[in-house]
Each structure stands twice: as structure tokens, then as C-alpha cells.
Engineer: 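Okay, handing you the structure first.
Only a predicted model underlies this, so the values are computations on that prediction, with no experimental measurement involved. Counting from 1, the numbers follow the sequence of the chain as shown. Values below: every heavy atom of this structure, side chains too, minus hydrogens, waters and symmetry copies. Start at 1 and go down the list; that is how both ligands and their atoms are numbered.
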Amino acid sequence: MNTNSSNMMALAPNTSKKRETVCIFGTGDFGRALGHKMIQCGYHVVYGSRSTQISNLIPKDAEVLSHAEAAQKAAIIIIAIQRQHYNFLTPLAEILRGKVVVDISNNLKLNQYPESNAEYLAQLLPGARVVKAFNTVSAWALQSGALDASRQVFVCGDDTEAKEMVMNIVRALGLTPLDQGSLLAAQEIENYPLQLFPMWKFPIFLSLGLTVFFFFYCLALDVIYTYIYENNNFSFFIAMTIPNRVCPVVALILLGLVYLPGVLAAIIQLYRGTKYRRFPDWLDKWMLCRKQLGLIALAFASLHAVFTLASPLRSFVKWRNAKPIISQALNNQTEPLDTTNAWLSDSYLALGIIGFFFFVLVGITSLPSVSNSVNWREFRFVQSKLGYLTLILCTAHTLVYGGKWFLSPSAYKWYLPNIYMLSLVVPCAVLVVKFVLIFPCVDKPLTRIRQGWERNPKSSE
Ligand code: NAP
């Protein structure tokens, strides 16, 4: 209840002042929700409808008239009607001449029509000042209070004054107008509500693909191989052991993939001798989803931490730890402490803990609420410098943990490398190239290129 009321307050900042009359065509879900909110904010609302009968769903204090009568009462007409019914507006073209007509419509599919709904409306009403707005806000959000993302209202239109009038209404409703330019932007704005986590698709599919691949890789080497050649039934590894191997491996590879496009971009810029030529599309897209790749990597690393903390509770681990103690007791011997092993286990744990700490720090800084409170230099410091430090620590954690197996022939079951070796390929490649890139003889020309210098200015055409 409280949340709703506070949101309602945020959406109704100033109700004392009486504002102008606004006309809304259509008394459907959105028309009613918007009208209700506008009345709360002090506007006088006139509905243009096919039926002038007032039902109790229509907000109190609103008038309901025919389309033509309603349009004459206001300078701003909001069309809360689906695009497929827009042809009813053609006979009203003269009445709507010079008026600000707001298109709020959405489609059912991406790029459903050759032109945007707003451009179609402008074609139907050549004399009207068409503005696109409100399509990213839902009727539900208007009624119950918007969340931060749905508070943003993208506005576009060719008439600056008309756009400003609509943006004033948006502000008065407690929403945030974002000017997107001319009506050409309308198609993109109409596609926006249809997109489902667009930046997350590639990282999610990639991490799922890696998870499935490494799961079956471990299943083959740790369960099937041991069953066939060692006659051990380790099928229970599926529940904890394999996930706790797959999670860190996927996390490390994804973390490497966050920094790989940066070094590839540097190599391309050095090769071309200019920063003024576009990167290939695949690299552009890859760079845009680095934050999502990093956050998914952090989720996998967190799972690895939880699995590891829960490990001592496992009966297999208890049995494996008790075995050498019992055999020492039976043989009446005490094995001396192997300090090399103690060093190795303490080191990889320490590297893992510190690496995970920095990983969390970098992940937190990428959240909008945190990144908005730091300046660009601070953001770059955390994302780049601390990010690389995280990559170094996590790579070292894996190297120290798995290093002892890399040269042992028993690690190559079916001539396949251990999964920890595979996980190191991408991060090690990134770190080696990055190391080369920070040499002054490479770093200097790269910095100059990034500051605008060109090796051959004419070749950049
Ligand atoms: P709706 O509930 O179906 O209402 C549409 C209204 O259009 C009807 O109530 C009707 O109003 C009018 N209408 C229907 N057929 C008509 C025809 N043949 N000729 C003239 N008018 C006709 O739809 P809605 O959910 O309010 O959505 C309206 C528009 O807002 C759509 O373009 C939608 O994409 C957009 N939108 C909706 C939401 C949302 O959350 N619902 C969010 C953003 C954008 P009368 O009976 O009064 O004539």
C-alpha cells in the first residue's frame, strides 16, 4: 500500500494548479489510465469516443464527446487507439490541422509495418503536428506508479514546439521525457517495448552453451571414464562436483571475454593507424554487451563460492578427508605436513577470495545506481584497472589450483586436457596481449591514435 501511494505521489507532483484541456481519443485501457492521471495532475480531459455515453469506468470529471467535438476543445489530442483503426481519422484531418497529435501506439511485432505508426499518422493528417510519446509507459504503470525504467517517456517529433508541449505534460505527470529527435526515431521507439532483454541474449546463450559443453565434458571425463576404466561409480558428481567445476570455468572464460574485445579493438586501431574507421559489427555488438557478460560471470563465480563453502557438508568430502587419517591411525604413523601443498592450497584460496572480492566490487560499480554516482575517470578506473586485476587474480587462482595437474599424464583422460586448462586459454591470451599493449613502444602510438592522430589521414576515407 505504502509503495503504491509513494509512487502515486511521485506521479502526481502538482495537483493544485489547473492546467489546459487535453483531448484523448479512445476510452480503452490506456486512454482511461492516462486521463485519470492527467485529471489528478490538474488537466481538464475531454474524451473523443465512438460512444458518448458515460460509463462508470471513465474517470470522474472527464467529458465524453464525439471525436470531432472533442478535438475542437483542445490543442493537444492524444490518440489512444490501435493503429489499424487510424483510418477513421481521415475525415477529421481538417479539424486536426495545426493541432498537436500524439501517437502513443505500439505494435505486436518488431518492424511490423514499413513505416512507424507515428509517420503513418502524419501521412493521414498532413496538417497535424505529430509527436510520438508515452508508448513505453503501460496503463498499469500509470495507475499503480511507475518503476524507474518505465518512468522514462521517449518523445520524438519534427515540430520542436509541439514536442516541448508534450514533454511538459510528461513532466507534469511525474515522468521523465527523453527527447529522441525527429519523427524518424519513432520506429525505434515503437520497437523498444517489444524487446526482451536485447543486450542479454548473446551473453545468456553463450554462457548456456559453455555450461552445457563443460558439463558434458566433465561428465565424460569424471564419471564415464572413471566408471569404464577405474570401475568407480561417481555418478553423484553430477549434483555438486561437476557444477562446482563448471561454474568457475565458465566464470573465468566469460570474464576473459569481457576484456578480449578491448584488446582486439586496440590491435585493429594499431593496424589501421586510425580510430576514425568503424569496428566490424560483431566487435561493436560484443563491446556493447560486456557489462552483461561480466554480470553473468559474477553470477557463476558466486555459485562457485557457495558450492565451495557447502563442500565440507558433503559425505563424499567427509569420507575422503577421513580416509588418510584412518589409514595413518591403522598404520600407527603420522605423515608430516607437506608445506608445499599447504602453501599451494592457502595461495589459491587467498587468490580466489581476493579475486572474488574485486569481482563483486567491479560488478557493483556497473549497476546504474552506483555508476551514476561516480565520474567517468572513476568508472574507467574500476572497470578497467580493477577489472584487469580481477582477471589476473582469478587466472592465478585457477593456475595455482590446477597447475599441478597440467603436466601429469593422468590429467589427459582420453587424451583430452583438464577443464581447468581449457578455462585458462582465453584469460591467458587476453593478459598476454594486454601485457604487450602496455609496452611504451606499443602504448604510445595507441594512445596517440585514441587522441585523434592518424598514420595516414587520407586512407581513413
Ligand atoms: P484498447 O483497450 O483496446 O482501447 C482502444 C480504444 O480504441 C477502444 O476503447 C475504442 O475507444 C477505440 N477504438 C476501437 N476500435 C475503434 C475503431 N474501429 N475506430 C475508432 N476507435 C476505435 O487499447 P489500449 O490498451 O487502450 O491501447 C490503445 C493504444 O495505446 C494502442 O495503440 C496501444 O498500442 C497503446 N498503448 C497501450 C498501452 C497499455 O498498457 N494498454 C501502453 C502503451 C501504449 P472508444 O470505444 O472510446 O471509441
Side-chain angles (χ1 to χ4, degrees), residues 7 11 22-39 45-59 62-71 73-74 76-93 95-96 101-113 115-122 124-125 128 130-147 149-157 166 169-170 173 175-178 180 183 185-196:
N7 282 335
L11 283 170
V22 175
C23 167
I24 301 176
F25 278 4
T27 56
D29 293 339
F30 197 81
R32 290 197 311 272
L34 188 62
H36 186 73
K37 190 53 62 190
M38 291 185 113
I39 290 169
V45 173
V46 185
Y47 282 103
S49 173
R50 291 168 302 169
S51 156
T52 53
Q53 275 186 341
I54 298 240
S55 85
N56 51 9
L57 289 172
I58 306 281
E63 276 183 83
V64 184
L65 304 171
S66 70
H67 293 115
E69 285 171 325
K73 292 213 165 193
I76 299 178
I77 291 96
I78 298 172
I79 314 290
I81 292 168
Q82 318 280 354
R83 170 189 166 133
Q84 61 268 31
H85 305 310
Y86 277 5
N87 45 8
F88 88 96
L89 291 164
T90 320
L92 301 171
I95 297 171
L96 296 174
V101 177
V102 186
D103 179 281
I104 59 155
S105 63
N106 282 319
N107 293 321
L108 297 176
K109 281 191 282 181
L110 286 173
N111 302 318
Q112 192 172 347
Y113 300 100
E115 74 291 272
S116 67
N117 298 349
E119 287 167 308
Y120 174 61
L121 188 61
L124 287 177
L125 307 171
V130 175
V131 174
K132 179 91 205 173
F134 288 113
N135 67 309
T136 51
V137 186
S138 70
W140 179 84
L142 282 170
Q143 280 166 341
S144 57
L147 300 169
S150 54
R151 236 176 245 286
Q152 297 180 340
V153 175
F154 296 114
V155 182
C156 75
V166 176
I169 296 183
V170 174
L173 300 188
L175 301 165
T176 314
L178 296 172
Q180 299 293 294
L183 218 52
Q187 187 120 33
E188 205 179 317
I189 297 177
E190 284 165 16
N191 282 340
Y192 183 77
L194 295 171
Q195 288 173 346
L196 185 70

Engineer: Kindly write out the residues that satisfy side chain to side chain contact (heavy atoms under 4.5 Å, CB included) with Gln187, not counting sequence neighbours, or none if the list is empty.
Structural biologist: Asn111, Ser116, Asn191
Engineer: For Phe30, what residues pass the ring pair (Phe, Tyr, Trp, His ring centres under 6.0 Å) criterion, not counting sequence neighbours?
Structural biologist: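 Ring pair (Phe, Tyr, Trp, His ring centres under 6.0 Å) check on Phe30 returns nothing, list empty.
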Engineer: Please verify the inter-ring angle class for Tyr86 with Tyr120; under 30° counts as parallel, over 60° as perpendicular, anything in between as tilted.
Structural biologist: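 Parallel, since the angle between the ring planes stays under 30°.
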Engineer: Is there a donor-acceptor pair under 3.5 Å between the side chain of Gln180 and the backbone N or O of Ile189?
Structural biologist: no
Engineer: Does the pair Arg83/Glu115 count as a salt bridge with the N-to-O cut at 4.0 Å?
Structural biologist: yes
Engineer: Which protein residues come within less than 4.0 angstrom of ligand 1, counting heavy atoms only?
Structural biologist: Gly26, Thr27, Gly28, Asp29, Phe30, Ser49, Arg50, Ala80, Ile81, Gln82, His85, Phe88, Ile104, Ser105, Asn106, Asn135, Val137, Ser138, Ala139
Engineer: Going by the rule salt bridge (Lys or Arg N to Asp or Glu O under 4.0 Å), which residues pair with Glu63 if we only count those two or more places apart in sequence or in a different chain?
Structural biologist: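 Counting only residues at least two positions away or on another chain, Glu63 forms a salt bridge (Lys or Arg N to Asp or Glu O under 4.0 Å) with Lys73.
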